[in-house]
Amino acid sequence: MSDIASRVKAIIVDKLGVDENEVVAEASFTNDLGADSLDTVELIMEFEKEFDIQIPDDQAENIATVGQAISYIEAAK
Amino acid sequence: MEIKRVVVTGLGALTPIGNTKDEYWEGLISGKSGAAPITYFDTEKFKTTFACEVKNFDATQFIDRREARRMDKFAQYAMVAADEAIADAKLNLDQVDKLRVGVIWGAGIGGLETFQQEVLNFAGGDGTPRFNPFFIPKMIADIAPANISIKHGFMGPNYTTVSACASSANAIFDALNSIRLGYTDVVVTGGSEAAVTIAGMGGFNAMHALSTRNESPESASRPFDGTRDGFVLGEGAGALILEEYEHAKARGAKIYAEVAGGGLSSDAYHMTAPHPEGLGVVEVMKNCLENAGLNPEDVDHINTHGTSTPLGDVAELKAISKVFGDHAKNININSTKSMTGHLLGAAGAIEAIASILSIEHGIVPPTINHTTVDENIDPELNLTLNKAQKRDVKVAMSNTFGFGGHNACVLFKKI
């Protein structure tokens, strides 16, 4: 697992209070990991802070799974 | 319209002198002080360096970690106290009509620590407003009853009353009236506060409202004492289950006391100073007695607002003498803030609980830390100094007054 992937997963485990094993690439924040609309906003903000990047709202809307978050951040770095 | 009778069937408390209703009562009758040096932040530059914090509290022992993270401390305290009260009332949540269960809560401020943290984050940044999406819903004062209703599915009236230190007495009176008028069968009421923060301590210090007896925190809250120098900030929550009398009887509930009435008034005088003759305070106690259909001579015990401030304590006792006349000297008067400190918006709730437990146990908790007579106080008044007193309390009154001149009073009766 890449460094980015493990940091993304750590944030998700911390913020959503889910088990690490559930945080797989295809897991959807809302459907699989129990996030609501406020949680997803917070996750995006945490990613921005952790990786020192900006994720515009129109692109944040397309980040719905763990894998999509990792890919987006890897491309943005 | 038939006015219904209302009783108390459950209690919960999370206080600086005990984390459950029973521990709280033990603390009260043994004269325990909850004051100690502040552990939450560095107080080196603060005029007051102590407070009455809740001790040994880990929210995640009671609330799912993820949920707990979405709540300010004032909301966590509310949830824990409300859960204890609901369990204490032995309410069968599968059998009650949840459309007729309300949550009417009191908080003077709300999520002060959350507000402080978010603003500090912003101030430490580059001017980009990167506020957490939970900032507003964690902070707002109404979120405590919202969380309680979300957890239990209570779909009746749901709101927070805000009248500074009178907030939760306002909430209890609103809960009483909601059931009296037939809008609800059961109301979870009470209040919570968590203002032992940089902003809370700094703000109250700036008003010269707090005791600065840093060398002796435990003896700093000394209501009615000649050397009192301000209140001691406390935090925590108190919860009460109010229930329509027939509803409670039908399910065989334990009944602690009847909520006989309440009173409200305003000083219409000053933002923070009490009226020197206690005019609004006289009115609120009169209102309360009239609302309860009782005479001054019926009252055995008054749990005063008694915050340990130079002006407020004397004004309140003068008002009591005015309302109760000769009978005032027969009343067991106390201030449990001498032990708990001042829980602001939660004060009315935990003091109502103390009054109800006085009725239940036939004991009036003491006003601790009294050493020096204040010559402005009538020596004939029984202020229940330093030691709990046995007393068959049939009727107990609980006074609360808030900055802004808000006065709220509730009255409980043995049943």
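Basis for what follows: all heavy atoms, side chains included, without hydrogens, waters or symmetry-related copies.
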From CA spacing to verdict: side-chain contact (heavy atoms from CB on, under 4.5 Å), F134(B), V41(A): CA-CA 9 Å; F134(B) 292 106; V41(A) 176; over 6 Å; no

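Of the listed residues R69(B), R65(B), R70(B), E67(B), the one with more heavy-atom pairs under 4.5 angstrom with chain A than any other is R69(B).
Taking 4.5 Å as the heavy-atom cut-off, the residues of residues 44-65 of chain A that approach chain B are M45(A), E48(A), K49(A), Q54(A), ordered by number.
Within the structure, salt bridge (charged side-chain N to carboxylate O under 4.0 Å, His left out) contacts touching residues 139-148 of chain B (residues at least two apart or in different chains) do not occur.
Of the atoms belonging to F135(B), not a single heavy atom falls under 4.5 Å from chain A.
With a 6.0 Å radius and a threshold of 12 heavy atoms from other residues, nucleotides or ligands, F41(B) has its CZ atom above the threshold. Within a 6.0 Å sphere centred on NZ of K90(B), heavy atoms belonging to other residues, nucleotides or ligands number 12 at most.
For the residue pair P133(B) and L38(A), the shortest heavy atom distance occurs at CG-O, 3.4 Å.
Using a 4.5 Å heavy-atom cutoff, the side chains of D39(A) and R66(B) are in contact.
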